[in-house]
A.B. asks: 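Quick one: the structure is below, questions incoming.
Letters A, B, ... are given to chains in the order of the sequence lines, protein chains preceding strands, and every chain is numbered from 1. Bear in mind the structure is a predicted one, so any value in this text is a computation, not a measurement. Side chains are part of it too, since the values below use all heavy atoms of this structure and drop only hydrogens, waters and symmetry mates.
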Protein chains: 2
Amino acid sequence: MTTHVEQPDLAEVSLETALQALADDTRLRIVRELASAPAPCACGSFGLEVSKATRSHHFKTLREAGITNTEILGTKRLVSLRREEFDARFPGLLDAVLAPAAVS
Amino acid sequence: MTTHVEQPDLAEVSLETALQALADDTRLRIVRELASAPAPCACGSFGLEVSKATRSHHFKTLREAGITNTEILGTKRLVSLRREEFDARFPGLLDAVLAPAAVS
DNA sequence: GCATATGTTCGACGAAAATCGAACTACCGC
DNA sequence: GCGGTAGTTCGATTTTCGTCGAACATATGC
């Protein structure tokens, strides 16, 4: 059986917190990868060029901003987007962030 | 005649920069006020509880993120949203940020 | 049990950002 | 010209954030 890591009630996440969490290149990369992944990913499966301490910090930031959910499976943590909940709280925000860059 | 303060080409503004600029309570307040204002506003017309040096800094941040336009009119600076351009660059982002908070 | 794999937590450090007062610039009206 | 108005720029301070190594925790597999 798997448990999940504690996560905030979306109602208590402010827009500022959400934007703050998204306003970082590394975390943006994680969110994009999660959005295109068919299933939850282990933290280590991202090709991030940072130490595991830093990586853990970024995943924590995303989780505490209500953007991701973390399931504990053995020694791994399976991370996924809280798509529906987040969309309900901040309609359109993830879509806008995930939209392909408009090149002019 | 009015001139405008130099502003970036939206194509050169990254999503990260835009999010960074929006991820601040004071600036979020400014953007919301601008969105609901019928006409460009002078910097000083916002009820911000910060010094004018700080205020100037925030307006600069928004301008450099391509979010606002600044017109010089006499001793005043008239600030307005670059709505259409910004929407073209980051579709849906401003809408999401300006959406009324979803209370659950 | 023990080595390994996967993350987290704990300081510490440097870079970046928010804030301010003070000095400065530019313009307006009298 | 002069005083007042509206912002900007500068330097300093404080806070926040990203980053890391090292120590720790926990589960797996042999």
A.B. asks: Tell me: CZ of A/R77 to C1' of D/dT28, nearest whole Å?
C.D. replies: 13 Å
A.B. asks: Nearest nucleotide by nearest heavy atom, which residue falls closer to the 5' end of DNA chain D, A/E49 or A/Q20?
C.D. replies: A/Q20
A.B. asks: Between C/dC20, C/dT6, D/dT8, which one does the side chain of A/T75 approach most closely?
C.D. replies: C/dT6
A.B. asks: Quick check on D/dT19: is either OP1 or OP2 less than 4.0 Å from any side-chain nitrogen or oxygen of A/T54?
C.D. replies: no
A.B. asks: Quickly work out the A/I72 CD1 to D/dA25 C1' distance and round it to whole Å.
C.D. replies: 11 Å
A.B. asks: What is the separation between atom NE2 on B/H58 and atom P on C/dA17, rounded to the nearest whole Å?
C.D. replies: 13 Å
A.B. asks: What does B/K76 touch in the nucleic acid at a heavy-atom separation under 4.0 angstrom: a base, only the sugar-phosphate, or nothing?
C.D. replies: sugar-phosphate
A.B. asks: Round to the nearest Å and state the distance from B/D24 atom CG to D/dT15 atom P.
C.D. replies: 17 Å
A.B. asks: What nucleotide, of D/dG21, D/dT9, D/dG7, holds the atom closest to the side chain of B/R55?
C.D. replies: D/dG7
A.B. asks: Are A/L81 and A/F86 close enough that some pair of their side-chain heavy atoms sits under 4.5 Å apart?
C.D. replies: no
A.B. asks: Less than 4.0 angstrom between a side-chain N/O of B/S51 and OP1 or OP2 of C/dC20, yes or no?
C.D. replies: yes
A.B. asks: Considering only C/dA22, C/dG7, C/dT19, which nucleotide approaches the side chain of B/T26 most closely?
C.D. replies: C/dT19
A.B. asks: Can you confirm whether A/L94 sits close enough to A/V31 that some side-chain heavy atom of one is under 4.5 Å from a side-chain heavy atom of the other?
C.D. replies: yes
A.B. asks: What's the closest nucleotide to the B/K52 side chain, out of C/dA18, D/dT19, C/dA23?
C.D. replies: C/dA23
A.B. asks: Specify the separation, in whole Å, of atom CG of A/L78 and atom P of C/dG7.
C.D. replies: 8 Å
A.B. asks: For the residue pair A/R55 and A/H58, establish whether any side-chain heavy-atom pair is separated by less than 4.5 Å.
C.D. replies: no
A.B. asks: Taking NZ, NE, NH1 and NH2 as the nitrogens, is one of them in B/R29 or B/D24 under 4.0 Å from a carboxylate oxygen of the other?
C.D. replies: no
A.B. asks: Going by side-chain contact (heavy atoms from CB on, under 4.5 Å), B/E71 matches just one of B/V79, B/V5, B/T3, B/L78. Which one?
C.D. replies: B/L78
A.B. asks: Whole-Å distance between D/dC20 P and A/H57 NE2?
C.D. replies: 11 Å
A.B. asks: What is the distance from CG of A/L73 to P of D/dA27, rounded to the nearest Å?
C.D. replies: 12 Å
A.B. asks: Rounded to whole angstrom units, what separation is found between the CD atom of A/E64 and the C1' atom of D/dC17?
C.D. replies: 14 Å
A.B. asks: Which nucleotide, D/dG7, C/dT8, D/dG21, lies nearest any side-chain atom of A/R63?
C.D. replies: C/dT8
